[in-house]
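Notes follow once the structure below has been shown.
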4 protein chains.
Amino acid sequence: MVVGKVSRSVSALTASEGKARRSIGARRNPASAEAILEAAEAVLQEDGYSGFSIEAVARRARAGKPTIYRWWPSKAALLIDVYQRQKHIDYPDTGDLERDLAGFLTGLLAHWRDTPSGAIFRSIVAEAQSDEAAAEALAAYAASRRVEQGKITERAKTRGEVADDVDPLQVADMVSSYAWVRLLTGRLDEDEAKIRAAVRIIVHGIKT
Amino acid sequence: MVVGKVSRSVSALTASEGKARRSIGARRNPASAEAILEAAEAVLQEDGYSGFSIEAVARRARAGKPTIYRWWPSKAALLIDVYQRQKHIDYPDTGDLERDLAGFLTGLLAHWRDTPSGAIFRSIVAEAQSDEAAAEALAAYAASRRVEQGKITERAKTRGEVADDVDPLQVADMVSSYAWVRLLTGRLDEDEAKIRAAVRIIVHGIKT
Amino acid sequence: MVVGKVSRSVSALTASEGKARRSIGARRNPASAEAILEAAEAVLQEDGYSGFSIEAVARRARAGKPTIYRWWPSKAALLIDVYQRQKHIDYPDTGDLERDLAGFLTGLLAHWRDTPSGAIFRSIVAEAQSDEAAAEALAAYAASRRVEQGKITERAKTRGEVADDVDPLQVADMVSSYAWVRLLTGRLDEDEAKIRAAVRIIVHGIKT
Amino acid sequence: MVVGKVSRSVSALTASEGKARRSIGARRNPASAEAILEAAEAVLQEDGYSGFSIEAVARRARAGKPTIYRWWPSKAALLIDVYQRQKHIDYPDTGDLERDLAGFLTGLLAHWRDTPSGAIFRSIVAEAQSDEAAAEALAAYAASRRVEQGKITERAKTRGEVADDVDPLQVADMVSSYAWVRLLTGRLDEDEAKIRAAVRIIVHGIKT
DNA sequence: GGGTAATCGAGACGGTACGTCGTGTCTTTCC
DNA sequence: GGAAAGACACGACGTACCGTCTCGATTACCC
């Protein structure tokens, strides 16, 4: 059983229309926003984080730099938007905590490994180390993800699988951290048995 | 009881000599190397990773840029050297696993919070996301630290506190990851109770 | 005795109405035109030619940029309109050529120095160096002014003060040029004795 | 008889070397300076003042913008250098004041008309209307030219052709102004007879 | 007297240029 | 041959204007 799947529609047309987009009046042009996000994604995928610049995105999107700065105050904000467009992680709900956490973890690592998401998220974390705005955005995002992922343990707690004094957010934190560090140190292709072992340790550690 | 202490010799004189260093002939000038490393550390501490540039280090060290590039092929290499000059933290050995792990974790977070090490290590992680050399250096460093830290659990295993099928390196990985993510998301001032709770979960999860 | 005085009606109200002007139907709104011209004049006076941009004028006039572009095809056109709103100086007629020319010259320089006219005229000359329309407008304006100013010498010629072969337009040209260059090189605060000396040279040069 | 002719050597090679120039150590590279000045001249000639930008010059010279800004603090400074490279006006010395002044004037106007100098000088004057630095540079330049040109009248004064109370600088000012305004209003193709008439007026006005 | 048409403020759009900063390479001069 | 010094080509930064556009609201004019 899967909850929370969010897909996105890719309109790959916009990027190579040939003709320039125009203003549609005194309001944001969604076509421009779309083109910019797609260009950003493409630049990241092709040139990596080191080649990712506002200029490069603007060039590729055939957009003016001010148009980007108007809507995304920093490189990080753009990165996060790109990441959000990509991401659709499943939060499993099988009725078994260990299975749920292991499913989440393997799903997340596979998602990072098999889509551009991993590279993008690495970029965001890197950016957050030098840009205060990025750090805040990342912190907010991470917190919201912890809440979401914490629900897995919360459900198990409701089922009586987990000790009363356990904080689901803390569990989410531990599980996420394990995934983050794997991403940041290039160890996404972790043996699934190891992942299960790690999850088992935590689940054993918190059960009633 | 304390193991693995590494100290460094601080020659704080070099940074503000006033007069420029000169060549000492056809060989590397240690005073320059020292001045550069100290300047790098100071820049990182004062301006953070965002202000850390080869130019800034050269300015502060009163060194020529080529002198830096001659000895450190990339920003990452310099960062790693700077980090290795730092005093490392202690790995406690009290005879009690939970106490050891909690001591290690609080010590590490405090070390990152109270010395330049935190800013430096954040920078290395950030750099490693786009620089291959930094990534390799970071991976090697992290692996060696896992081995070192794994000894804590290894000892507990020898004492029979821990189940046979537990991989001490995996435990080290989980504990370190928890610390890393806190560093990278600016949550070093974590409540000590929370840290103990996290450690307790893991220790409960792996005990015989 | 004074000839050729042109006044303008200042409706200083429009500039700071607070509330935005609206369309008054399918025809030009004179209040907007007025507000734009006044804003342009104010911007020129306060920030000079370098701060004079369509954006700045629109902001100050609380007008839309298209409203400006609709009625003034170029910055130059707006500048010219602004200049023409200015009060023009008097052409003296005392019955004495030297007195008339000196009066004209000191009056013109004082006018440029003490009113926005100087800044505006400088701007037009500058604009005319790269804008063809401005160049034409400036040429036409300058020619008409030469005719007007030539009448001073013309009258003296009628009185027999001036040699027959003297072209009054040429005299006007020489006198005006002297003033222009002073404006353009920031030498409006010229010693009056010097002005009189220059006029005397010309008057001596053309007298019967 | 002609005095003060200054020629320049054009090394048109530099502009299209194909390969980029490199630094020649910690000092100014004359090849870069040369390439920049030539590119500036070419841009001015081909695109006019409105197309003249530091960016365009840098592009054309295959130079970095900082290299230009390092040596020329403003657009005006660059323009003036370009103008100085171009200019080689004769200050005639025939022993006859009227002939000298007429020769100077026709020479100057012809020079402005037949070489890029005219366009360049117009640009400088325009620039000086919005840029304070340009204004100062132009004022200094104009003053030095007045001194130079004043020597023509000075010599005539020594010869006793000119009244004692006449200021040669003022005469130079009047003559130059006449030329400037012709340049700025696009009237360089003035009838030579008119020029002579203007000069005659002044010479008559100042003679003993 | 209801539709049409032109006007208004507003502001987004794709661009270009600004002036500054950092990169990594180079050369000279001094030791 | 190492080191300080700093110029060089390059390119990204974030901002200001450019001139064009589309909007929604607001009348005046014409059928």
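Order of the sequence lines fixes the chain letters, A, B, ..., with proteins taken first and strands second; residue numbering starts at 1 for each chain. Since we're looking at a predicted model, the values are computed, not measured.
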* With respect to the phosphate group of dT27(E), does any side-chain polar atom (N or O) of Arg22(D) fall under 4.0 Å of OP1 or OP2? -> no
* Report yes if at least one side-chain N or O of Trp71(B) is closer than 4.0 Å to OP1 or OP2 of dA3(F); otherwise report no. => yes
* Structure fact -> Rounded to whole Å, OH of Tyr49(A) lies from P of dA12(F) at a distance of 15 Å
* Asked: Thr67(C) side chain N/O closer than 4.0 Å to the phosphate oxygens (OP1, OP2) of dG9(E)?
  -> yes
* Asked: Looking only at side-chain N and O atoms, does Ser32(B) come under 4.0 Å of OP1 or OP2 in dA4(F)?
  -> yes
* N/O (side chain, Arg62(C)) to phosphate O (OP1/OP2, dC8(E)) under 4.0 Å -> no
* Can you find an N or O donor on one side and an acceptor on the other, under 3.5 Å apart, linking the side chain of Ser53(A) with the base of dA12(F)? -> no
* Mind telling me whether Phe121(B) and Tyr83(B) have parallel, tilted or perpendicular rings, with 30° and 60° as the class edges? => tilted
* Asked: So which of Ile80(C), Leu78(C), Leu79(C) actually passes side chain to side chain contact (heavy atoms under 4.5 Å, CB included) with Glu127(C)?
  -> Leu79(C)
* Can you tell me how far the OG atom of Ser74(C) sits from the CG atom of Asp131(C), to the nearest 0.5 Å? -> 4.5 Å
* Structure fact -> To the nearest angstrom, the CZ-P distance between Arg70(C) and dA5(E) comes to 16 Å
* Select one nucleotide: of dT28(E), dG24(E), dT26(F), the one nearest the side-chain heavy atoms of Ser23(C). => dT26(F)
* Asked: Tell me: CD1 of Ile54(B) to C1' of dG6(F), nearest whole Å?
  -> 16 Å
* Could you check which of dC13(F), dG22(E), dT26(F) has an atom nearest any side-chain atom of Glu55(B)? => dG22(E)
* Structure fact -> In whole angstroms, the gap separating C1' of dT27(F) from CG of Asn29(C) amounts to 11 Å
* Whole-Å gap separating C1' (dG22(E)) and OH (Tyr69(B)) -> 8 Å
* Send over the distance from Arg60(A) CZ to dA12(F) C1', rounded to a whole Å. => 18 Å
* Structure fact -> In this structure, CD1 of Ile124(B) is separated from CZ of Arg122(B) (nearest 0.5 Å) by 13.0 Å
* To do: On DNA chain F, check which nucleotide each of Gly64(B) and Pro66(D) is closest to and give me the residue with the more 5' one.
  => Gly64(B)
* Asked: Less than 3.5 Å between a donor and an acceptor, one on the side chain of Lys65(B) and one on the base of dG6(F), is that the case here?
  -> no
* To do: Compare side-chain N and O positions of Arg21(A) against OP1 and OP2 of dG14(E) and report whether any pair is under 4.0 Å apart.
  => yes
* Asked: Run the side chain to side chain contact (heavy atoms under 4.5 Å, CB included) check on Arg60(D) and Glu41(D) step by step: do they pass?
  -> CA-CA 10 Å; Arg60(D) 178 147 196 153; Glu41(D) 188 181 324; over 6 Å; no
* Counting just side-chain N and O atoms, does Arg59(D) come under 4.0 Å of either OP1 or OP2 of dA17(E)? -> yes
* Structure fact -> Result for 5'-nearest mapping on DNA chain E, choosing between Ile36(A) and Lys75(D), is Ile36(A)
* **Working for side chain to side chain contact (heavy atoms under 4.5 Å, CB included), residues Phe52(A) and Ile120(A)** => CA-CA 10 Å; Phe52(A) 183 78; Ile120(A) 298 170; over 6 Å; no
* To do: Report the residue (Ala63(C) or Ala56(B)) whose heavy-atom-nearest nucleotide on DNA chain E is the more 5′ of the two.
  => Ala63(C)
* To do: Check the distance between dA10(E)'s C1' and Ile24(A)'s CD1 and give it to me in whole angstrom.
  => 14 Å
* Asked: Between dC13(F) atom C1' and Glu127(A) atom CD, what is the distance in whole Å?
  -> 12 Å
